[in-house]
Participant: 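Dumping the structure here so I can ask a few things about it.
Numbering starts at 1 and runs along the sequence shown. Every number for a ligand or one of its atoms is a count from 1 in the order of the listing.
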Amino acid sequence: MSSKVLIVGAGAIGGFYGGLLAKAGAEVSVVCRSDYHIVKQQGYRIKSHALGCWQFMPDQVLRDAADYDGQADYLILCSKVTPDIDRVALIRDAVAPQTAIVLIQNGVEIEEELQQAFPDNLLISGLAFICCNRLAPGEISHLAYGKLILGNLSDSHEPKTSHLRDLFLQAGIECVISEDIVASRWQKCVWNAPFNPLSVLSGGLATQAILQNQENFVRRVMQEVCSIAEACGHALPADIVEAHIALTRDMPPYKTSMLLDFERGHTMETEAILGNAVRAAQRHGVDCPCLQSLYVLMQLRELQIRSNSLLN
Ligand SMILES: NC(=O)C1=CN([C@@H]2O[C@H](COP(=O)(O)OP(=O)(O)OC[C@H]3O[C@@H](n4cnc5c(N)ncnc54)[C@H](OP(=O)(O)O)[C@@H]3O)[C@@H](O)[C@H]2O)C=CC1
Ligand SMILES: CC(C)(CO)C(=O)C(=O)O
């Protein structure tokens with residue numbers, strides 16, 4: 001099966017997983033923005049705690065998806081999911097009839113706008129369980145974990161999805177196909193919903209410190225997300241809260257992706273992670289006072305950042 005891959009939004013996640021696909025023999029091209037010049041000259045330098053160091057020289061380095069020369073078998077979108085990024089516009093010009101659109105992004109209920117814009121393309125929704133950072137343009141540090149979960153929104157037995165999983169496995173990273181990727185997204189949101197905003201609102205506390213001091217609150221947020229998922233028809237495993245708490249106790253010191261965005265003055269994924277969950281709760285009449293409070297506080301934080309940047 002042909003493996004032409006175009007990564008759009010090739011930052012930490014896109015550079016890392018793109019580098020793995022290239023290792024597995026795929027022809028991988030990237031669309032970058034601020035890293036363009038460096039990546040064009042020297043590609044990516046990837047330093048992984050588990051897979052060693054390697055150089056990833058993309059086949060084509062582009063500023064815009066419209067400049068892609070060829071037809072991609074997989075277009076992997078790894079931008080953040082924020083209201084200021086028009087994901088459909090970002091990829092539209094590179095989507096051919098045979099292109100499978102793959103998302104490796106956080107958040108819940110983030111697929112619909114892409115499904116509507118590209119109803120005839122296979123959409124593979126993906127989640128990364130990884131601690132990965134862009135230290136400088138084209139320089140990626142993989143600190144912990146790495147597992148990918150992929151899933152189709154319709155038929156779960158798509159050969160193209162299995163082929164992509166096999167490429168990741170060949171490159172040495174754990175990758176599984178979920179039979180219910182929507183549930184998997186909710187399951188990940190159980191972790192992201194408390195820890196991502198609390199890492200920002202606490203002024204940068206590590207996840208262990210948040211857990212040690214506010215375990216009850218963290219558990220309540222997690223439980224609320226479970227109730228919303230259940231109301232949406234995706235009941236999560238009974239032990240999911242315990243499993244996430246245990247996993248957090250073992251996590252190495254790590255800044256959540258939301259905290260990294262906050263520190264860089266970037267828009268955060270408040271809407272994709274919290275807003276979409278709160279809106280789902282409202283649709284189904286589920287009470288989620290703790291989650292709702294986190295959402296309100298994060299909206300105010302975003303507002304304050306925007307007002308400051310207008311003043312400066
Ligand atoms: N990093 C991690 O450890 C984890 C990340 N995730 C999720 O993965 C997704 C990607 O995160 P991550 O890789 O960390 O984010 P990064 O900020 O490192 O990368 C995002 C990339 O998208 C690019 N981009 C944004 N807007 C545009 C645009 N309009 N045109 C072209 N390029 C654009 C950015 O360019 P520029 O550099 O110019 O801003 C950047 O290269 C997110 O949903 C995140 O939540 C999930 C688990 C862990
Ligand atoms: C759970 C974690 C920390 C890594 O997968 C993450 O999703 C994030 O940083 O947003």
Participant: Can you report which non-hydrogen protein atom sits closest to atom 6 (C) of ligand 2, along with the distance?
Facilitator: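 For atom 6 (C) of ligand 2, the nearest protein heavy atom comes out as Asn192 ND2, 3.4 Å.
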
Participant: Of the non-hydrogen atoms in Glu271 and Pro83, which two are nearest, and what is the gap between them?
Facilitator: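 Distance-wise, the nearest heavy atoms are CG-CG, 3.9 Å.
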
Participant: Give a yes/no on ligand 1: does Val31 have at least one heavy atom closer than 4.0 angstrom to it?
Facilitator: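 False for this residue.
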
Participant: For atom 9 (O) of ligand 2, grab the closest protein heavy atom and report residue, atom and distance to one decimal in Å.
Facilitator: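 For atom 9 (O) of ligand 2, the nearest protein heavy atom comes out as Ser257 N, 2.9 Å.
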
Participant: Using a strict 4.0 Å cut-off to heavy atoms of Ala10, name the atoms of ligand 1 that fall inside it.
Facilitator: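 Selected atoms, number and element: 41 (O).
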
Participant: If you measure from the Lys or Arg side-chain nitrogens to the Asp or Glu carboxylate oxygens, is any gap between Glu109 and Arg279 under 4.0 Å?
Facilitator: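 No.
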
Participant: So if I apply the salt bridge (Lys or Arg N to Asp or Glu O under 4.0 Å) rule between Asp35 and each of Arg63, Arg45, Lys40, Arg134, which one comes out positive?
Facilitator: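 Going through the options one by one, the only one that passes is Arg134.
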
Participant: Quick check: do Val8 and Ser79 have side-chain heavy atoms less than 4.5 Å from each other?
Facilitator: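 Result no, sub-4.5 Å side-chain heavy-atom pair not found.
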
Participant: Please classify the Tyr254 to ligand 2 contact at 4.0 Å (heavy-atom distances, strictly less than): side chain, backbone, both or neither.
Facilitator: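 Contact part for Tyr254 vs ligand 2: side chain (C-beta onward).
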
Participant: Tell me which one of Asn213, Leu198, Thr207 satisfies side chain to side chain contact (heavy atoms under 4.5 Å, CB included) with Val218.
Facilitator: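 The option that passes is Leu198.
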
Participant: Starting from atom 2 (C) of ligand 2, locate the nearest protein heavy atom and write down its residue, its atom name and how far away it is, to 0.1 Å.
Facilitator: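 Answer for atom 2 (C) of ligand 2: Trp191 CZ3, 4.0 Å.
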
Participant: Minimum heavy-atom separation for His163 and Ser3, please, with both atom names.
Facilitator: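 Shortest heavy-atom contact: NE2-OG, 2.9 Å.
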
Participant: Keeping the roles fixed (side chain from Tyr74, backbone from Lys160), state whether a donor-acceptor pair exists under 3.5 Å.
Facilitator: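 Flag set: sc Tyr74 to bb Lys160 pair under 3.5 Å.
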
Participant: Using a plain distance cutoff, I'd like to know if Ile130 has any nitrogen or oxygen under 3.5 Å from a nitrogen or oxygen of ligand 1.
Facilitator: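 Yes, Ile130 has an N/O under 3.5 Å of an N/O on ligand 1.
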
Participant: Check if Phe129 has a non-hydrogen atom at a distance under 4.0 Å from any atom of ligand 1.
Facilitator: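 Not so, Phe129 does not reach ligand 1.
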
Participant: For ligand 1, is there an atom lying under 4.0 Å from some heavy atom of Met268?
Facilitator: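 No, Met268 has no heavy atom closer than 4.0 Å to ligand 1.
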
Participant: What residue and heavy atom of the protein are closest to atom 30 (N) of ligand 1, and at what distance?
Facilitator: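 Sorting protein heavy atoms by distance from atom 30 (N) of ligand 1 puts Leu90 CD2, 3.3 Å first.
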
Participant: For ligand 2, which atoms, with element, lie under 4.0 Å from some heavy atom of Phe129?
Facilitator: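 In order of numbering, the contacting atoms are 5 (O).
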
Participant: Between Ile13 and ligand 1, does any nitrogen or oxygen pair lie at a separation below 3.5 Å?
Facilitator: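 Yes; at least one N/O pair falls below 3.5 Å.
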
Participant: Could you tell me whether some N/O pair between Asn106 and ligand 2 is separated by less than 3.5 angstrom?
Facilitator: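 Yes.
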
Participant: Between ligand 1 and Tyr254, is the shortest N or O to N or O distance under 3.5 Å?
Facilitator: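 Looking only at distances, the answer is yes, because the N/O contact criterion of under 3.5 Å is met.
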
Participant: Mark up the atoms of ligand 2 that fall under 4.0 Å of a heavy atom belonging to Ala128, in ascending order.
Facilitator: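 By the 4.0 Å cutoff, the relevant atoms are 5 (O).
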
Participant: What protein heavy atom sits nearest atom 6 (N) of ligand 1, and how far away is it?
Facilitator: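 For this ligand atom, the closest protein heavy atom is Asn106 ND2, 3.8 Å.
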
Participant: Nearest heavy atom to atom 7 (O) of ligand 2 wins, so pick from Met251, His244, Glu269, Lys188.
Facilitator: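 Checking each option, the heavy atom nearest atom 7 (O) of ligand 2 is found in Lys188.
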
Participant: For atom 15 (O) of ligand 1, what's the nearest protein heavy-atom neighbour? Residue, atom name and distance, please.
Facilitator: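 The closest heavy atom on the protein side is Lys80 NZ, 3.2 Å.
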
Participant: Which one of Arg87, Lys80, Arg185, Glu111 satisfies the side chain to side chain donor-acceptor pair (under 3.5 Å) criterion with Gln105?
Facilitator: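 Looking at Arg87, Lys80, Arg185, Glu111, the match for Gln105 under the side chain to side chain donor-acceptor pair (under 3.5 Å) is Arg87.
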
Participant: Taking the basic N atoms (NZ, or NE/NH1/NH2) and the acidic carboxylate oxygens, is any pair closer than 4.0 Å for Glu215 and Arg219?
Facilitator: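 Salt bridge flag = yes for Arg219 with Glu215.
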
Participant: Answer side chain, backbone, both or neither: which part of Ile130 comes under 4.0 Å from ligand 2, heavy atoms only.
Facilitator: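 Contact part for Ile130 vs ligand 2: backbone (N, CA, C, O).
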
Participant: Any atom of ligand 1 sitting under 4.0 Å from a heavy atom of Ala128?
Facilitator: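 Distance cut 4.0 Å: Ala128 passes for ligand 1.
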
Participant: Below a 4.0 angstrom heavy-atom separation, can you tell me which part of Arg87, side chain or backbone, both or neither, approaches ligand 1?
Facilitator: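 The answer is neither; Arg87 stays 4.0 Å or more away.
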
Participant: Name the orientation class of the two ring planes belonging to Phe56 and Tyr44 (parallel below 30°, tilted from 30 to 60°, perpendicular beyond 60°).
Facilitator: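 Phe56 and Tyr44: parallel rings.
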
